[in-house]
Amino acid sequence: MTAVSTSSEGASTDSSNDSAMSFITHSTADLVEISRKQEADETASGAEDAYCQLVFSKSKVYVYPSTHSKENIAGYVAIVQQGGAYLLSWIPERVVNDEEQDKFVLVEAAADGRPISRLQPDADSVLVSSSLTSKPAEHAFSLPITSIYSLEVRPPTLSAWYGTIVIHTFGGISLPPLYFHDDESPSTVFTRDARKTLLDTSKGKAPALLQRLPSSWGGEALINKMRQYANVIRSNIEPTLYLVNPNTADLEAHSTFFFDDDVIGIPSKPTSTAYAAAGTNVRKDARGSILHEALKPDRRFRSTRTGETHSQSPAMDDLTFSLLSSFSKLTRNARSAAQSIAHPILSHRLAKPILPHLPPPIANLYTAHPEWSKWEEEAGVGGYDAARVYLAKWSRIVAEEGERARRAEVGCEGEEEGALGAFEVLATTYSIQRPRTTRATNQPIEASEWAAYFDPATGVLLLAEDEARRRIFQRGLVPAARKQAWPFLLGMFDWTSSAEDRRAALAAKTTEYHDLRSLWYGQTQVTSTDEFIEENHRIEIDCRRTDRIQPMFAATAEEEQGPTSLAGLDASLHTRASSGGQPASNIHVRRLQEILLTYNFFETELGYVQGMSDLCSPLYVTFDADKITTFWCFVGLMERMKRNFLRDQSGMKQQLSQLQELIALMDPELYKHFDKTDSLNLFFCFRQLLILFKREFTFAQIPMLWENFWTDVCGTSPQCFFALAILQTHRDPIIRHLVYFDEVLAYINGLSLTMEVEPLLAQAEILYKTFQLVVEDNDRRRAEAAAKDAPGSTEDILRRRGALGFKDARLKKLEDEDAAKAAKPLPPPISDNLRSLLTPTPS
């Protein structure tokens, strides 16, 4: 066995130390052993006589050299002080003589608070031979705590009885896992018995007394002791990772939540170089990169954690748009249990024919290694989670097919009943009747019918604005009619304008658009600035990626050759994206880019934010590439959507807060399930609300959805009721099958491009009308209760008469009503935040 000395940049050293690190690799096992090499000028006899102070000891900590349990090696984990350095060591039991074992037992027993009958000297001053930490022994190691980069800690579970700790050094070396056999360790057994005794005898005072006892398992006890000699922090990104003496970069990286672009879909606009650095300059230096996989350099969506999810009706000011700690719940116990059950069943010869037809998550339960950690590697950490999500989707598909068959059988195909899964619960609290939808999209408004709504002579709309909005809401528009109706819905034209007024407005808006465009178009002094180049580059990349499956945005062979064929467009539109591996461009992609660049100069306070291209492209297609109409309708759309893109995210926080309160009011059972699964942050609704469900439905479905929202028939925030309709439509599989936040997130994100718009619009209308009835009934009942209790009321006079002994039938009736009220208390008041969903449409 040979020793190879190594040194690592950044590892703390001390000139007073009389030793250096040396790494010894065992030739028969792929395990790293570490021992301390004495200084060259120190004699062998002096080294053997040297002593070090033993400050922590834990027995029955094993190393597994192989998969055979008989080859497991028991040892002591110890923290010793030698000179000015603290060393973390693992020493096999067989190399410790009886006298030294007594000292290890003494220190371990003192940590438990047990009375010590022998070796009476203070445990903090127990000295052991330094040869224990320096002699070569199989798999033994001893290294300064300052040379440890991180600890990977996995507590014991039902499927993994022994907790483990893996030590990572600054040199990029990972030591063998240490297995804490707490059931064999005398200290842990004593702690367990002491806890039981306190619980039996404390009579309600156990919690305070239990705090005096050490940690529940050996690994946690070791970490708590290490905190006395080093700064040990737990990573917010990977809960199993503990960093030892982290530098500033690591501390910031592991204390902040980052989102991948693919998670949310639409990252916000970077506002400074510091912001960009926070997302990309993740620490990777010469000391090794033991950072978790989640910290790989990428564009990240950053969020500050300001609070936790509260109980009923929590305050959403503290809402955090981060992947909460629930992401770390990988349900290892459930995976192991499922694998242990599924493997023998699927291994049976009668099950062989069905294996090729099983979905991958279920098939993985058969092919997996019996040991859950190995199975987790082979099937992926989300294997069992994916199986449970698959089960939820399967049950949803079966239910949908059954409902379609039922509707076809009773002859109501094409109609939507819009039944509320939680309506019966609401009906027990409020005196309301089930509303019905007014949708009739089997007869959409044709372009000729829309033209007939206007006076032939003046071009003035013959219908009232509310009536026109109601008809669009109920029936929808054909594509040709949208070109005429959308400018009214989006504020480009006034509802009371004449044909002449609209022509004048269009001419004025055309001039204004070209004036705005001239602020940058052809202006070399503007287009050559770093700020413009950066903004133009971001917009071009977004436009190249937006809706490229649409024929209008699909590049032709000629247009892919370069910008020379795009006549009439400024050369400043062509950035380094042309050769950066991005999708090819064409004339319509360039025009969309031009519109968004001009909007960046129009909306100087907010500017362009990533995601706006998703909102603009359906307008551009609907208006047949008309830049002027597209631009001003986009301005009108952004007046509605601007709050979604505010840098402080206040608009998104408000909408998610309203949606959360709406779920609590309309579907308490679903709300409780979200609370139980740590899903009340509604993170899975973030992308839906941010870009108005653009990624959840096909491009052809989006116009039908958006024009329904723009009518404001269901208030000025109809997207909240539509999001609730999606959740309620899938409430049964969510409640029945999904038990963790990451499963709920995966299930709802998996609904993208699988849903039908029309049934959800009908359901959203029913939900809005039900909400109106709930608010009205709540206000009525509370007003009646206040009126009956008011001094001088008829009820108050009759009660005073009853107190004097004059009772009549009316008084008896009031007493019965009071008893009924006591049995059925008034519902809680509805907050102003929730009432704002009923804001009437401006006339």
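Being a predicted model, the structure only gives us computed values, none of them experimental. Note that these values count all heavy atoms, side chains included, but never hydrogens, waters or copies made by symmetry.
Tyr513 is not listed as a side-chain neighbour of Val635, based on a closest heavy-atom distance of 4.5 Å or more. Counting heavy atoms from C-beta on, the side chains of Phe674 and Val744 come closer than 4.5 Å. Looking only at side-chain heavy atoms (C-beta outward), Arg544 and Arg590 come within less than 4.5 Å of each other. Contact annotation: the side chain of Tyr521 never approaches that of Thr527 to less than 4.5 Å [non-hydrogen atoms, C-beta and beyond].
With sequence neighbours excluded, the residues satisfying side chain to side chain donor-acceptor pair (under 3.5 Å) with Lys642 are Glu603, Glu639. When the salt bridge (charged side-chain N to carboxylate O under 4.0 Å, His left out) test is applied to Asp779, the partners found at least two apart in sequence or on another chain are Arg835. With sequence neighbours excluded, the residues forming a ring-ring contact (aromatic ring centres under 6.0 Å, His included) with Phe553 are Tyr620, listed by chain and number. Judged as a ring-ring contact (aromatic ring centres under 6.0 Å, His included), and not counting sequence neighbours, the contacts of Phe771 are Phe721. Residues forming a salt bridge (charged side-chain N to carboxylate O under 4.0 Å, His left out) with Glu669 (at least two apart in sequence, or on another chain): Arg731. Scored by the side chain to side chain donor-acceptor pair (under 3.5 Å) test, Asn708 finds no partners at all (sequence neighbours excluded). For Val460, the side chain to side chain contact (heavy atoms under 4.5 Å, CB included) partners at least two apart in sequence or on another chain are Thr458, Ser498. Listed by chain and residue number, Arg780 satisfy the side chain to side chain donor-acceptor pair (under 3.5 Å) test with Asp777 (two or more places apart in sequence, or in another chain). Judged as a side chain to side chain donor-acceptor pair (under 3.5 Å), and not counting sequence neighbours, the contacts of Arg502 are Ser497. Here Phe693 pairs with Phe722 under the ring-ring contact (aromatic ring centres under 6.0 Å, His included) rule; sequence neighbours left out.
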Show every donor-acceptor pair shorter than 3.5 Å between a side-chain atom in residues 485-492 and any protein atom, with sequence neighbours excluded, or say none if there are none.
unit_1 : atom_1 : unit_2 : atom_2 : d
Trp486 : NE1    : Glu707 : OE1    : 3.0

For Asn833 and Ser831, run side-chain hydrogen bond (donor to acceptor under 3.5 Å, both in side chains): C-alpha distance rounded to whole Å, both residues' side-chain angles, the deciding distance at 0.1 Å, then the answer. CA-CA 5 Å; Asn833 184 42; Ser831 68; 5.1 Å; no

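Evaluation of the salt bridge (Lys or Arg N to Asp or Glu O under 4.0 Å) test over residues 438-453, restricted to residues two or more places apart or in two chains, returns Arg439-Glu758, Glu449-Arg475.
Both tests do not hold together for Arg517 against Phe631: distance to the six-membered ring centre under 6.0 Å, angle to the ring axis within 45°.
Looking only at atom types and distance, the side chain of Ser717 has no donor-acceptor partner in the side chain of Gln655 under 3.5 Å away.
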